[in-house]
Amino acid sequence: MTSLGHGSSTCSLEWAQEIGFNSFNKGIDYKKGLFIIDNMKIKSSIPPEEFNGPLNLDITINSGQTSQPAWINEENYFKELLIVNNQPVLVRLSTDEITGAVLMELESNNEFSFKPVMEEIRYIFDLDFNLTLFHEFLKEDPVLAPTIDFCNGLRLFKAHNVFECLISSICSANNSIIRWSRSIGTMRQKWGDSCILPSGRFYTFPTSETILQLPEHEVEEMEMCGGEKNIEECIHNLKACGVGYRGKYMKDAAKMVTERISLHELGQMSYEKAFESLLDLPGVGPKVADCILLYGYGRGEAFPTDIWIKRIISHLYFEGKDVKVDKIREFGQEHFGEYAGYTQLYLFHYARKSGLLDKLKPLKKQ
DNA sequence: ACCCAGGCGTCAG
DNA sequence: CTGACGCCTGGG
């Protein structure tokens, strides 16, 4: 695989492409903030004036309201392996405490172009979203205004791949964050492509073609290998990842998006039509469909309504009455419009940090 | 030490 | 509409 991204259209960072990433051009461009360590390692930054409002990586990554497990937090940065133009790049991110700039360290086994990776980072953390305008929107509603102080720099944590988002979201249903994250990690290790970098071994998420033919449980795995293994040795199946009954959903959904439903076309549809289409996938109900639309496709009008959002909205807007989930979803969409997704994010984080979430927990029977 | 109820969102009945 | 689903958590 050669370095990609050459020939892209004009952009303020065209120089980065021109510098490219080969031994002839090794060097440091201090003025532009691009530091080429060697052929396969770059340090750079996105200055705060190049995105709209602050970014708080910690609360964004750990908001709990996402479609994918958190990036690994190590020392003072967050890291994740991204696939950009089919090329694996290890990304380490932090923010400058003084300036708020996004600091990044990129590492790969091959030459790679800087600009597409930076664009990917901008996309994942929704850096083009105008937080200032959103704050204005929040201030208009006295119920929402208090969320601002609790959510400084909180942004959507978008998925870097729609298929991965779909499978992760199916896995997240009726699940805990810990169990869910562990399952996804296990799946990556078992069936993802392994990528060995100077700083360790990393795994990509398996493709749909891989997932659709995985054995669902140990019995199926044993049958598939012709009974050559003992049942205890059969750990390369979906159930062994701790996904429980969701294994069948994940497998069947992978089959459907490989053979019948185009994830690309889904992205072109109207919100309502895409929502309805997603419901046809096994393991995808209203909550998961909205997660996929919001985090996978960046559809801000989606209002994923889980039990917590239901409780929060009921408390804040319906005097604590037990309103049905689909009514809450409808309310969120109508009331918050294009900001529904962000509002859901802010309300949840606010409720968590302000102690409201604890108050809304149903009373244990004595 | 051990057990078992409770909780999460979707599906099937 | 209700219960089942798998697994982890927390309280007894």
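These values consider heavy atoms only, across backbone and side chains, with no hydrogens, waters or symmetry-generated copies. Convention: sequence-line order gives letters A, B, ...; per-chain numbering from 1.
Classified by interplanar angle (parallel below 30°, tilted 30° to 60°, perpendicular above 60°), the ring pair A/Tyr339/A/Phe134 is tilted. In this pair, A/Tyr342 and A/Phe129 present their aromatic rings parallel. The plane angle is below 30°, not in the 30 to 60° band.
Of the charged side-chain nitrogens involved, at least one lies within less than 4.0 Å of a carboxylate oxygen, so that A/Lys251 and A/Glu220 count as a salt-bridged pair.
Here the two rings, on A/Phe303 and A/His335, have centers that are 6.0 Å apart or farther.
Look at CH2 on A/Trp308: it is 9 Å from C1' on B/dG7, rounded to the nearest Å. For the pair A/Asp322 CG and C/dC1 C1', the interatomic distance rounds to 14 Å; values are reported in whole Å. One can place CD1 of A/Ile307 at 15 Å from P of B/dG6, the figure rounded to the nearest angstrom. The interatomic distance linking A/Leu357 (CG) with B/dG7 (P) rounds to 14 Å, in whole Å. In this structure, A/His217 places its NE2 atom 14 Å from C1' of C/dC5, rounding to the nearest Å. In this structure, the CG atom of A/Asn174 is 14 Å from the C1' atom of C/dT9, given to the nearest Å. Separating the CZ atom of A/Arg246 from the C1' atom of B/dG9 is a distance of 9 Å, rounded to the nearest angstrom. Atom pair A/Lys361:NZ and C/dG11:C1' shows a separation of 14 Å (rounding to whole Å applied).
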Please tabulate, one pair per line, each protein N/O and nucleotide N/O from nucleotides 10-12 of chain B that are separated by under 3.5 Å, including the distance.
| residue | atom | partner | partner atom | Å |
| --- | --- | --- | --- | --- |
| B/dT10 | OP1 | A/Gly285 | N | 3.1 |
| B/dT10 | OP1 | A/Gly285 | O | 3.3 |
| B/dT10 | OP1 | A/Lys287 | N | 3.3 |
| B/dT10 | OP1 | A/Val288 | N | 2.9 |
| B/dC11 | OP1 | A/Gly283 | N | 2.9 |
| B/dC11 | OP1 | A/Val284 | N | 3.4 |

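Within the model, atoms OG of A/Ser45 and CG of A/Leu93 stand 11.5 Å from one another, a figure rounded to the nearest 0.5 Å. Put simply, OH on A/Tyr346 and SG on A/Cys151 are 6.0 Å apart, with the number rounded to the nearest 0.5 Å.
Side-chain proximity of A/Ile178 to C/dC1, B/dG9, C/dT9: nearest is C/dT9. Comparing B/dC8, C/dT9, B/dG9 against the side chain of A/Arg311 picks out B/dC8 as the nearest.
For A/Val243 and A/Lys324, each mapped to the nucleotide of DNA chain C holding its nearest heavy atom, the one lying further toward the 5' end belongs to A/Lys324.
With hydrogens and angles left out, the side-chain atoms of A/Arg92 and A/Ser199 include a donor and acceptor closer than 3.5 Å.
Across all strands, A/Arg329 comes closer than 4.0 Å to no nucleic acid atom at all (heavy-atom distances).
Remark: A/Arg179, A/Arg182 in residues 179-188 of chain A come within less than 4.0 Å of DNA chain C through at least one heavy atom.
A/His135 places a side-chain heavy atom less than 4.5 Å from the side chain of A/Leu138.
The local environment of CD in A/Glu319 is sparse, with at most 12 non-hydrogen atoms from other residues, nucleotides or ligands closer than 6.0 Å.
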